Amino acid sequence: MAKLTLDELRQKRAEAQKGVYLREGEFRGKIIVHMGTCGIAAGARSIVAAFLEELERSGTKDIQVTTSGCAGLCSKEPMATVEMRNSAPVRYGELTPEKARKIFNDHVVGGTAAAEYALGIGSERGA
Amino acid sequence: MPARRIELMLCTGTGCVAGGALHIKQALEGELARHGLPDEVSVVPTGCNGFCGQGPLLVVLPDQIFYSSLKTDDIPFLVQEHFLKGRPVPRLMFLPPEKKERIPLLGDIPFFKKQMLLVLRNKGVIDPEKITEYLARDGYTALEKVFTSMSPEDVIEEITRSGLRGRGGAGFPTGVKWRVCRAEKKTPKYIIGNCDEGDPGAYMDRSLMESDPHAVVEGITIAAFAIGASQGFVYIRTEYPLAIQRLQLAIEQAREYGLIGKDILGFGFDFELEIRQGSGAFVCGEETSLIHSIEGESPEPRQRPPFPAQVGLWGCPTVINNVETLANVPQIISRGADWFAGIGTETSKGTKIFSLVGKINNTGLIEVPMGITLREIIHDIGGGIPGGKQFKAVQTGGPSGGCIPSSHIDLPIDYESLKEVGSMMGSGGMIVMDEDTCMVDVSKFFVQFTNDESCGKCSACRDGSDALLEVLTRITEGEGREGDVEFLEELGAAVKDASMCGLGTTLPNPVLSTIRYFRDEYEAHIKEKRCPAKACKSLTAYWIDPKLCQACLICMRECPGQSIYGEKNIIHVIEQGKCTKCGVCFDVCPPRFDAVKKLSGVPVPSVEHGIKVERKKKGDRLEGEHVQA
């Protein structure tokens, strides 16, 4: 009697593949949480955690959650920018974990920006 | 595993571990914990990344940011800035030699750009100590394919059609070897993975084993299925503790999963795999010696034929493949012979791993398609020669190979082309030499090595290498005689012809190839008692040019033999009788003075003691220079 059947091996492989998605190149979009000192003080860490939880819950693999420095509008922190491929980035402000979840579901999964929390569309121009 | 936003691929190959990678790991984990980040950011220890000269190395995924030469002191700042606040730290990024701008992304670094990863496709991408990571990268799908849709003959046919040839050096077609063994009636049959890598400066097999051991386990299992073996061994040298540990772990995990053992995946095929450790005798890389070593006999080769594929381990049919060859097998099965045959040249297919060492800016492990030119390897991947020196030659194939001079820099590399120019593919060591390397000295070094490692069974190799070494030593010591070069050529040819195994038949290669391309250097040593590269101690002297010496006292202080006369404001003079020619004075003399010279083939000019230094006047100084008076 074999220790492992073909189906069991395939199952184990599929399970293992869930854990390494960060290593396979292609992402459909990116969520950037602004983590300057101002952002962290205003609770940006809980925003990152909320996005990661949603990512896991929904089983989404092609979205990258990342952080960057202060976005310059410190009074509106915590802030996050959602950049989906082929559309303009949207910047959200005064976030809470609940708002983050809604943004994830509406914008990242659903494809429609959560206009009620958006500060603006597009990025600053480089010099 | 829960969703994370960053994975830190930390190289824990032998090179980086020696550079402190495990301390870096500890520091990273400590700092991540301090910031409460372990749920979001994970540290993944990987096998050798390849860019060993820049270690310890860290690749940040998914951004592909490449950090090099890390120190534990850098870690708190790095974690806070990059992994917490998302601001990558430029000062820890890779700075190409002699350049001013750092390169943030792995994919933009020329060292990585021209490589083609096939055998090493998982290097730096998986944790080699976890079978799940290998599975996630489509591991063991080739084994699945073999069991579900191929007969042993199909497997052999596929490997034959792919054009795969032995990566251990000689380049024998793998499929042919398997077919011969399959056809033998006698059982049991054995498969052996050869990981007895002994060339100085070569570490391809070790790194492969450290970064992706399951690729070898899967490959050897498929090979066993093809030839009909139920027992396999991987022969690996004791000096490779980390490689052994990772392979052992891989074998245990594969056994636990049921990927080796009895009735694998329910297809009725049994296969057991064990490690056999060698004690680092170079001759054990030769297949009949290796067999003797596994049998518990002293590692001496025997006459072939019969070849091991017919009469091998314990008299049974045995296939011995290099582990790099075996690691190619799952890829060929998964992606097909045509895909593999599409890479490389007419006669040499696929890729080859080389360890690029010596006088080269980017030291490390590279995998390149067959047919790539030496120029691309040395200048593009290797980043050229340090210090703006001239490229002189490259030694491929280790002590069995030969040197290839700079005139052949556009040579496309494959088994045949290397043979044509008097070298060989070998297992993949590539030692780069610059203008300061003496070719006679190099050939002496390699013959010294093979002379040490000769098992002594046949006189051509044992006494032949003695005689070669004696003459080479004499030449480098300034005692060369008319006719020595001709003698080396004749003896070299005789040793090649009369030796029994590969060690003896190839050991004259470094001598013969250096004579072929650098005969003038041999002549200079013999006739003019001059070493053109100024490397042979007996033929070289150090001398301080009194016109350039600024009596700065540095060389006097640093000279370990106190062989330099001088004092403050008095020109320094090396006492030739006391000088041991260690070269420290040459290294420490400030480049702006450049007063210490190496002389060869000319009498050393005598310099009076007590000459007062004439300081360069301000106006004589180069712009921007600042000399303490």
Side-chain angles (χ1 to χ4, degrees), chain A residues 1-27 30-41 44-71 80-81 104, chain B residues 1-9 35-37 39-42 44 59-64 80-88 107 122 124-127 130-141 143-144 147-148 254-269:
Chain A
M1 175 64 198
K3 239 180 180 173
L4 186 77
T5 64
L6 205 54
D7 286 339
E8 286 164 348
L9 175 65
R10 287 174 180 162
Q11 250 170 30
K12 279 183 191 280
R13 186 180 296 119
E15 190 59 33
Q17 275 163 349
K18 285 186 194 160
V20 295
Y21 65 89
L22 284 182
R23 299 174 210 171
E24 313 282 344
E26 289 293 286
F27 290 97
K30 201 175 188 180
I31 305 171
I32 304 157
V33 181
H34 299 277
M35 295 263 270
T37 304
C38 46
I40 295 172
R45 296 292 300 275
S46 65
I47 307 302
V48 173
F51 279 125
L52 285 176
E53 273 167 34
E54 285 304 303
L55 203 61
E56 195 187 342
R57 195 187 49 73
S58 60
T60 311
K61 282 188 184 169
D62 50 1
I63 298 294
Q64 183 185 344
V65 176
T66 180
T67 62
S68 77
C70 169
T81 305
F104 187 89
Chain B
M1 189 173 300
R4 286 146 298 161
R5 58 184 173 85
I6 297 178
E7 283 192 306
L8 304 174
M9 314 306 283
H35 290 289
L37 289 169
D39 291 343
E40 300 169 18
V41 180
S42 56
V44 182
V59 181
V60 183
L61 293 184
D63 297 340
Q64 297 262 332
Q80 175 166 340
E81 280 298 296
H82 188 172
F83 311 141
L84 177 63
K85 295 186 177 174
R87 294 189 289 231
N122 286 332
V125 191
I126 63 165
D127 179 346
K130 293 190 181 133
I131 189 171
T132 48
E133 301 244 326
Y134 181 70
L135 283 177
R137 298 270 297 168
D138 293 327
Y140 291 103
T141 47
L143 191 66
E144 257 186 62
F147 284 152
T148 50
R255 188 174 294 134
E256 199 182 309
Y257 269 60
L259 293 166
I260 53 178
K262 290 238 171 289
D263 190 18
I264 299 170
L265 295 174
F267 289 93
F269 176 67

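Note that the structure is predicted; figures quoted are calculated from it, not measured.
- With values rounded to the nearest 0.5 angstrom, A/Leu4 atom CG is found 11.0 Å from B/Tyr140 atom OH.
- For the atom pair CG (B/Asp63) and NZ (A/Lys30), the distance works out to 6.0 Å, reported to the nearest 0.5 Å.
- If you measure heavy-atom distances from A/Ile32 to chain B, you find no contacts under 4.5 Å at all.
- Looking at heavy atoms from C-beta onward, B/Leu84 lies in side-chain contact with A/Ile40 at the 4.5 angstrom threshold.
- Note on A/Arg57, A/Arg10, A/Glu8: by heavy-atom pairs under 4.5 Å with chain B, the leading option is A/Arg10.
- There is no contact between B/Val59 and chain A, counting heavy-atom distances below 4.5 Å.
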Practice item. Apply the test side-chain contact (heavy atoms from CB on, under 4.5 Å) to residues A/Thr67 and B/Ile6: give CA-CA distance (whole Å), side-chain angles for both, the deciding distance (0.1 Å), then the verdict. Key: CA-CA 10 Å; A/Thr67 62; B/Ile6 297 178; 5.5 Å; no
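- In terms of non-hydrogen atom pairs under 4.5 Å with chain B, the most contact-rich of A/Thr60, A/Val48, A/Thr66 is A/Val48.
- For the atom pair CG of B/Leu37 and CZ of A/Arg45, the computed distance is 4.5 Å after rounding to the nearest 0.5 Å.
- Partners of B/Arg255 according to the side-chain contact (heavy atoms from CB on, under 4.5 Å) rule, which considers only residues two or more places apart in sequence or in another chain, are B/Ile251, B/Ile260, B/Glu272.
- A/Leu52 touches chain B through backbone and side chain together, each having a heavy atom under 4.5 Å away.
- Closest heavy-atom contact between A/Met35 and B/Lys85: O-CG, 3.1 Å.
- Of the two parts of B/Glu81, neither the backbone nor the side chain holds a non-hydrogen atom closer than 4.5 Å to a non-hydrogen atom of chain A.
- Annotation for B/Phe267 and A/Leu6: closest pair CZ-CD2, 4.0 Å, computed over non-hydrogen atoms.
- Proximity to chain A is limited to the side chain of B/Thr148, based on heavy atoms less than 4.5 angstrom apart.
- In this structure, A/Arg13 and B/Leu135 approach most closely via the heavy-atom pair CG-O, 3.0 Å.
- At a 4.5 Å heavy-atom cutoff, B/Ile131 makes no contact with chain A through either its backbone or its side chain.
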